[in-house]
Asks: 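Right, I'll just put the structure down here and ask away after.
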Amino acid sequence: MGKISVKMLGSFSVSTGTETLSDNENRSRKMWLLLAYLIYNRGRIIRQNELMEMLWNENDSEINSNGALKTLFYRIRAELNKLWDGAGKQLIISKGNGYAWNQEYETEVDCEEFDKLSEIISQKEEDSLEETMELFRLYRGEFLERFPSEFWVIPLAAYYHNIYIQHLLQTVPIMYEKQMYEELAEFCRDAVLVEPFNEEIHGWLMKAYTAVEKQGLAIEVYQKFSNRLLSELGVMPSEEIRAIYHEATKSTNQHMLTVSMLQEQLQEECSAPGALVCEYDFFRVLYFSMARSVLRSGIAVHMVLLSIKEKKGIQLTEKKREKIIENLKEVLHASLRRGDSAARCSAQQYVIMLPQANFENSQMVCERILRTYYQTYSRADAELRYEVFPLKPDEKENFGWSREETGR
């Protein structure tokens, strides 16, 4: 019998090369957890009491049941028999009051290979790019990702995660310098799945896409990341990553355009009625442009900060809040004019710009928004509040927002 390959980074699996068993199959959760624990600690005999404490908490009625543990081992051995006839009893041996994984069978575990590569990379003084890329490929996800709350899994998952991110952030600048853009994008795409809020990794992914003239993908990465930050953390991306985004938008057109090509690109895809509800970064550009116009022409422009407030006694979950935000977006489309614009500016707020509207008219617009929202969503779990204030750029064109007038 050849080498047995075990994967614990990501989903858990045991393979002989021709046959594979995986926790993706609809089997007992405790069975896979017990098998993983046995293999990870295969250098020693594990006593029954330790296994039972690992599998069942003190409130579980089965904690003192030796029969339950024996049943699990029976099922594990039956599952292992799928690798080859009799594999279950050959791979899992009983010794006294404990169990062990049979060391006579060569077993290669991906997280141990990960450790060896990390050690090689740390000790190498010369270029270790080849080993680092192999380390990245080994990391297919969090350690035993289907068991994130197990007490013995938590510290190991954090350990491997931190090593992976540390090596990644040390290596991506080297890959970029060596113009390994496709490989850089590949590894960063995997990394953002386990580090969804890491701006540095998102920034390198955007740079890699821009370098191979895939600006559209770079812009898409930024927009998804920005929306995630806003909806889950209530913050905007940093100036550094926004600068990468703006660079991607500037370099979208690499070739000379004709007038007809320009007109086609500038044509609105969906000429629907209602306001322009856009990304906050784009809204800021519109704001600066409007502020300059106000300085020259003196036209009246008012701003609105529209906020979602929890009703008394009701706590908004993230899912509920996102649903309310999506509903409010539809209401804004329907309630505002085509010349108006709006953008989500925090986890629970929209900012609105109303050109050629005085304070009274702006209040009327806000009341129309509230009325439409409450009529459409009469059972909403939140209330809306608004503040109206004039856009008043100073003479030095600092374009600060001046809040002299507020609504309710």
Asks: Is it true that Glu130 and Lys124 have a side-chain N and a carboxylate O under 4.0 angstrom from each other?
Replies: no
Asks: Would you list the pairs meeting side-chain hydrogen bond (donor to acceptor under 3.5 Å, both in side chains) in which at least one residue belongs to residues 178-193, sequence neighbours left out?
Replies: Arg189-Tyr209
Asks: Would you name the heavy atoms of Ile120 and Glu131 that are closest together and state the gap between them?
Replies: CG2-CG, 4.1 Å
Asks: Arg137 side chain to Thr132 main-chain N or O, any donor-acceptor pair under 3.5 Å?
Replies: no
Asks: Centroid-to-centroid, Tyr377 to Tyr373, below 6.0 Å?
Replies: yes
Asks: Check whether any side-chain N or O of Tyr374 sits under 3.5 Å from a backbone N or O of Leu384 as a donor-acceptor pair, and report yes or no.
Replies: yes
Asks: Give a yes or no on whether the backbone of Asp115 and the side-chain of Glu119 come within a donor-acceptor separation of less than 3.5 Å.
Replies: no
Asks: How many angstroms lie between atom SG of Cys188 and atom CZ of Phe136, to the nearest 0.5 angstrom?
Replies: 8.5 Å
Asks: Does a sphere of radius 6.0 Å around OH in Tyr74 hold more than 12 heavy atoms from other residues, nucleotides or ligands, not counting ones at 6.0 Å or beyond?
Replies: no
Asks: Using a 3.5 Å distance criterion without hydrogens, assess whether the side chain of Asp340 forms a donor-acceptor pair with backbone atoms of Ala275.
Replies: no
Asks: Measure the spacing between NZ of Lys30 and CE of Met54 and express it to the nearest 0.5 Å.
Replies: 9.5 Å
Asks: Report the C-alpha separation of Arg344 and Tyr280 in whole Å, then their side-chain angles, then the decisive distance to 0.1 Å, and conclude whether the side chain to side chain contact (heavy atoms under 4.5 Å, CB included) test is met.
Replies: CA-CA 6 Å; Arg344 186 178 179 180; Tyr280 185 60; over 6 Å; no
Asks: Strictly below 4.0 Å, N to O, side chains only: are Glu383 and Lys309 in salt-bridge contact?
Replies: no
Asks: Rounded to the nearest 0.5 Å, what's the gap from CG on Leu184 to CD1 on Ile174? Could you check?
Replies: 11.5 Å
Asks: State plainly whether the residues Glu177 and Lys207 are in salt-bridge range, i.e. N to O under 4.0 Å.
Replies: no
Asks: Look at the side chain of Glu134 and the backbone N and O of Leu117, then say whether any donor-acceptor pair between them is shorter than 3.5 Å.
Replies: no
Asks: Report yes or no: do Gln349 and Ser307 form a side-chain donor-acceptor pair below 3.5 Å?
Replies: yes
Asks: Counting distance only, does the side-chain N/O of Gln348 pair as donor-acceptor with the main-chain N or O of Ile308 below 3.5 Å?
Replies: yes
Asks: Between the main-chain N or O of Ala357 and the side-chain N or O of Asn361, is there a donor-acceptor pair closer than 3.5 Å?
Replies: no
Asks: Show the numbers, then the answer: is there a salt bridge (charged side-chain N to carboxylate O under 4.0 Å, His left out) between Arg321 and Glu232?
Replies: CA-CA 10 Å; Arg321 186 184 66 219; Glu232 298 187 32; over 6 Å; no
Asks: Indicate, with yes or no, if the rings of Tyr160 and Tyr139 have centres closer together than 6.0 Å.
Replies: no
Asks: What I want to find out is whether Lys82 reaches Glu79 closely enough, with some N-O distance under 4.0 Å, to be called a salt bridge.
Replies: yes
Asks: Answer yes if the side chains of Arg146 and Asn24 hold a donor-acceptor pair under 3.5 Å, and no otherwise.
Replies: yes
Asks: Does anything in residues 220-241 pair up under ring pair (Phe, Tyr, Trp, His ring centres under 6.0 Å), and if so which pairs, sequence neighbours excluded?
Replies: His202-Phe225, Tyr222-Tyr245
Asks: Could you tell me whether the side chains of Trp101 and Thr107 share a donor-acceptor contact shorter than 3.5 Å?
Replies: yes
Asks: Would you give the length of the straight line joining atom CG of Leu217 to atom CG of Leu205, rounded to the nearest 0.5 angstrom?
Replies: 8.5 Å
Asks: Leu51 and Trp56: side chain to side chain contact (heavy atoms under 4.5 Å, CB included), yes or no, with the steps?
Replies: CA-CA 9 Å; Leu51 294 173; Trp56 295 290; over 6 Å; no
Asks: Strictly distance-based, threshold 3.5 Å: is any side-chain N or O of Asp23 a donor or acceptor partner for the main-chain N or O of Trp32?
Replies: no
Asks: Inspect the surroundings of CG in Asp85 and state if more than 12 heavy atoms from other residues, nucleotides or ligands are less than 6.0 Å away.
Replies: no
Asks: How about CD on Gln356, more than 12 heavy atoms from neighbouring residues, nucleotides or ligands closer than 6.0 Å, or not?
Replies: no
Asks: Is Glu112 salt-bridged to Arg42, cutoff N-O under 4.0 Å?
Replies: yes
Asks: Does a salt bridge link Lys116 with Glu113, judged by any charged N lying under 4.0 Å from a carboxylate O?
Replies: yes
Asks: Quick one, Phe12 with Ile39, criterion side chain to side chain contact (heavy atoms under 4.5 Å, CB included). Give me CA distance, side-chain angles, the key distance, then yes/no.
Replies: CA-CA 11 Å; Phe12 172 60; Ile39 295 174; 4.1 Å; yes
Asks: Sub-3.5 Å donor-acceptor pair from the side chain of Arg75 to the main-chain atoms of Met31, do we have one?
Replies: no
Asks: Listed by chain and number, what are the side-chain contact (heavy atoms from CB on, under 4.5 Å) partners of Glu326, not counting sequence neighbours?
Replies: Lys329, Glu330
Asks: Is the backbone N or O of Gln223 less than 3.5 Å from a side-chain atom of Asn227, with the two atoms forming a donor-acceptor pair by type?
Replies: yes
Asks: Does atom NZ (Lys89) have a neighbourhood of more than 12 heavy atoms from anything else shown, all under 6.0 Å?
Replies: no
Asks: Assign the ring pair Trp152 / Phe143 to parallel, tilted or perpendicular, where the plane angle (0 to 90°) is split at 30° and 60°.
Replies: perpendicular
Asks: Checking Thr249 against Gln215 for the side chain to side chain contact (heavy atoms under 4.5 Å, CB included) test, could you report, in this order, the C-alpha distance in whole Å, the side-chain angles of both residues, the deciding distance, and whether it holds?
Replies: CA-CA 7 Å; Thr249 58; Gln215 288 85 356; over 6 Å; no
Asks: Check the pair Lys320, Asp381 against salt bridge (charged side-chain N to carboxylate O under 4.0 Å, His left out), reporting the backbone distance first and the verdict last.
Replies: CA-CA 8 Å; Lys320 283 184 178 180; Asp381 293 325; 3.5 Å; yes
Asks: For Asp281, is there an ion pair with Arg242 - N to carboxylate O distance below 4.0 angstrom?
Replies: yes
